[in-house]
Engineer: 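Next up is a structure, given as structure tokens.
Because only heavy atoms are used, hydrogens play no part in the values below, and waters and symmetry mates are left out as well, while side chains stay in.
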Amino acid sequence: MDYETKVKKEAERWSRSLEKRSSVLQRTSKRLQSSINQRIPDQIHSVVTESIRKMIEVSLTTSEYIRPVDVNSSLSFQVREQLVRERLDQYKKTAAFEGAGTGFGGFWLGAADFPLLLSIKMKFLFDAGQIYGLDVRKYEERVFLLHLFMLAFSSDEAKEKVRGKVLNWNHLDLKQKNMDWKTLQIEYRDTLDFVKLFQLIPGFGAVVGYVANGRMMEHLGETTMNACRLRLL
């Protein structure tokens with residue numbers, strides 16, 4: 001079995017796994033997180049919401065996240081994926097140490113982690129898109145990357161709808177590809193792992209930030225690679 005056939009089968013298994021309902025533990029964590037969210041000061045929620053709004057605006061209207069990635073068009077899919085994994089490893093380490101640094105400072109410095117981590121995630125998405133051969137200068141491809149972001153960080157209910165759009169992207173018209181900005185903001189805010197909230201505890205938050213940020217980048221990387229496999233292969 002060649003590499004492309006192998007990874008496409010892996011991606012198809014991944015896609016089917018998205019159809020399954022979250023585990024009892026995950027659903028319980030979600031309810032607990034929602035309860036905790038109600039106790040977080042409005043200022044913190046404002047930081048998250050404003051960060052997402054700016055991220056959307058910047059990703060679609062400027063080239064801030066587009067750092068040219070020199071990729072030979074003749075590279076095989078396998079080599080491209082190795083480059084994506086290497087880039088993911090770099091960003092994963094950056095996110096982990098950033099989370100540890102901001103977590104060490106306690107409540108307000110920990111809150112600064114949200115926009116910083118968002119920026120790291122978007123930079124990885126744009127780098128990975130270029131490595132896979134997507135023209136990220138096009139508005140349509142930027143919206144596709146935002147859909148991958150939403151697919152990675154959404155509840156069961158929203159994920160199924162986004163999954164359908166991502167898996168059929170090449171067959172959708174421009175109107176169908178539009179992003180639901182409000183849903184993106186709410187889903188990302190509400191599906192942040194509740195463990196991340198412990199990052200706001202001085203000292204202990206450093207450990208939480210290191211582990212949680214690395215794990216979130218790993219999840220984004222898995223979503224990005226599998227979705228691109230299904231679209232491109």
Side-chain angles (χ1 to χ4, degrees), residues 2-20 52-53 55-69 71 73 75-85 87-88 91 118 121-188 191 216-233:
D2 62 30
Y3 180 82
E4 292 187 12
T5 301
K6 176 185 175 183
V7 297
K8 185 176 181 180
K9 287 182 178 297
E10 290 179 1
E12 288 170 345
R13 286 195 295 271
W14 166 83
S15 177
R16 289 192 294 271
S17 73
L18 298 181
E19 299 175 7
K20 300 178 182 178
I52 297 171
R53 186 192 68 77
M55 176 271 288
I56 294 170
E57 181 179 306
V58 169
S59 64
L60 292 178
T61 61
T62 75
S63 59
E64 180 175 326
Y65 294 127
I66 304 178
R67 301 189 302 175
V69 178
V71 181
S73 60
L75 290 181
S76 68
F77 196 82
Q78 183 173 2
V79 173
R80 289 175 184 272
E81 291 224 311
Q82 181 57 39
L83 293 175
V84 172
R85 290 190 184 92
R87 196 60 59 99
L88 174 61
Y91 281 113
L118 263 174
K121 289 173 179 174
M122 290 307 299
K123 287 177 180 177
F124 164 73
L125 275 173
F126 274 75
D127 284 5
Q130 291 180 82
I131 293 172
Y132 273 116
L134 304 181
D135 186 354
V136 298
R137 293 169 298 181
K138 293 182 177 179
Y139 179 85
E140 178 181 337
E141 298 296 3
R142 296 186 187 196
V143 176
F144 175 72
L145 295 178
L146 283 176
H147 276 82
L148 298 189
F149 180 89
M150 187 173 177
L151 182 59
F153 304 109
S154 288
S155 61
D156 289 344
E157 293 75 15
K159 186 172 294 183
E160 181 58 29
K161 182 178 179 180
V162 179
R163 170 180 172 271
K165 293 178 69 173
V166 167
L167 298 185
N168 296 284
W169 191 259
N170 293 339
H171 306 292
L172 300 179
D173 59 37
L174 289 177
K175 185 177 181 179
Q176 292 174 306
K177 292 178 179 179
N178 287 336
M179 170 63 71
D180 183 342
W181 312 123
K182 182 178 180 180
T183 299
L184 172 61
Q185 292 182 21
I186 294 174
E187 288 296 321
Y188 181 69
T191 56
M216 293 178 77
M217 285 301 303
E218 191 70 37
H219 181 61
L220 179 61
E222 178 188 36
T223 300
T224 302
M225 294 184 71
N226 281 306
C228 286
R229 287 168 176 173
L230 292 175
R231 179 183 175 189
L232 300 174
L233 292 180

Engineer: Before giving the answer on side chain to side chain contact (heavy atoms under 4.5 Å, CB included), spell out for Trp169 and Leu148 the whole-Å C-alpha distance, their side-chain angles and the decisive distance to 0.1 Å.
Structural biologist: CA-CA 11 Å; Trp169 191 259; Leu148 298 189; over 6 Å; no
Engineer: Taking all heavy atoms of Gly129 and all of Leu145, pick out the closest pair and write down the distance.
Structural biologist: CA-CD2, 4.5 Å
Engineer: Taking all heavy atoms of Leu75 and all of Val79, pick out the closest pair and write down the distance.
Structural biologist: CD2-CG1, 3.9 Å
Engineer: Who are the salt bridge (Lys or Arg N to Asp or Glu O under 4.0 Å) partners of Glu4, not counting sequence neighbours?
Structural biologist: none
Engineer: Taking all heavy atoms of Met122 and all of Ser59, pick out the closest pair and write down the distance.
Structural biologist: CE-CB, 3.9 Å
Engineer: What verdict does the side chain to side chain contact (heavy atoms under 4.5 Å, CB included) test give for Leu83 and Val69, after you've listed the backbone C-alpha separation in whole Å, the side-chain angles of each residue and the deciding distance to 0.1 Å?
Structural biologist: CA-CA 10 Å; Leu83 293 175; Val69 178; over 6 Å; no
Engineer: Evaluate the side-chain proximity of Met150 to Thr183: yes if any heavy-atom separation is below 4.5 Å, no if none is.
Structural biologist: yes
Engineer: Output the distance between atom SG (Cys228) and atom CG (Leu233), rounded to the nearest 0.5 Å.
Structural biologist: 10.0 Å
Engineer: Within a reach of under 6.0 Å around NZ of Lys177, are more than 12 heavy atoms found that belong to other residues, nucleotides or ligands?
Structural biologist: yes
Engineer: Tell me, please, which residues at least two apart from Arg231 pass salt bridge (Lys or Arg N to Asp or Glu O under 4.0 Å).
Structural biologist: Glu141
Engineer: Starting from the C-alpha separation in whole Å, work towards a yes-or-no answer on side chain to side chain contact (heavy atoms under 4.5 Å, CB included) for Asp180 and Val162.
Structural biologist: CA-CA 10 Å; Asp180 183 342; Val162 179; over 6 Å; no
Engineer: Consider side chain to side chain contact (heavy atoms under 4.5 Å, CB included). Of Val166, Val136, Leu172, Leu125, which one does Phe144 pass it with?
Structural biologist: Val166
Engineer: In the structure I gave you, are the side-chain heavy atoms of Leu220 and Tyr91 within less than 4.5 Å of one another anywhere?
Structural biologist: no
Engineer: For Asp127, run the salt bridge (charged side-chain N to carboxylate O under 4.0 Å, His left out) check against Arg85, Lys121, Arg87 and tell me which one passes.
Structural biologist: Arg87
Engineer: Between Lys9 and Glu12, is the salt bridge (Lys or Arg N to Asp or Glu O under 4.0 Å) condition met? List the steps.
Structural biologist: CA-CA 5 Å; Lys9 287 182 178 297; Glu12 288 170 345; 5.4 Å; no
Engineer: Any side-chain heavy atom of Thr223 within less than 4.5 Å of one from Phe153?
Structural biologist: no
Engineer: Can you sort out the partners of Arg229 under salt bridge (Lys or Arg N to Asp or Glu O under 4.0 Å), two or more places apart, ordered by chain and number?
Structural biologist: Glu10, Glu81
Engineer: Can you list everything that forms a side-chain hydrogen bond (donor to acceptor under 3.5 Å, both in side chains) with Lys165? Sequence neighbours excluded, please.
Structural biologist: His147
Engineer: Roughly how far, to the nearest 0.5 Å, is CG of Asn226 from CG of Leu167?
Structural biologist: 10.5 Å
Engineer: Report yes if some heavy atom in the side chain of Phe149 is under 4.5 Å from a heavy atom in the side chain of Thr224; otherwise report no.
Structural biologist: no
Engineer: Once ring pair (Phe, Tyr, Trp, His ring centres under 6.0 Å) is applied, do any residues pair with Phe126, and if so which ones, sequence neighbours excluded?
Structural biologist: Tyr65
Engineer: Rounded at 0.5 Å granularity, tell me how far CD1 in Ile66 sits from CZ in Arg137.
Structural biologist: 8.0 Å
Engineer: Which heavy atom of Ser73 sits nearest to which heavy atom of Arg80, and what is that distance?
Structural biologist: O-NH2, 3.2 Å
Engineer: Which atom names give the shortest non-hydrogen contact between Thr61 and Arg142, and what distance separates them?
Structural biologist: N-NH1, 3.9 Å
Engineer: How would you list, by chain and number, every residue that makes a salt bridge (Lys or Arg N to Asp or Glu O under 4.0 Å) with Glu222, sequence neighbours excluded?
Structural biologist: none
Engineer: Do the rings of Phe77 and Tyr132 sit parallel, tilted or perpendicular, given the 30° and 60° boundaries?
Structural biologist: tilted
Engineer: Looking at every non-hydrogen atom in both residues, tell me the closest pair between Ala152 and His219 and how far apart they are.
Structural biologist: O-NE2, 2.8 Å
Engineer: If you round to the nearest 0.5 Å, how far is CG of Asn168 from CZ of Arg163?
Structural biologist: 9.0 Å
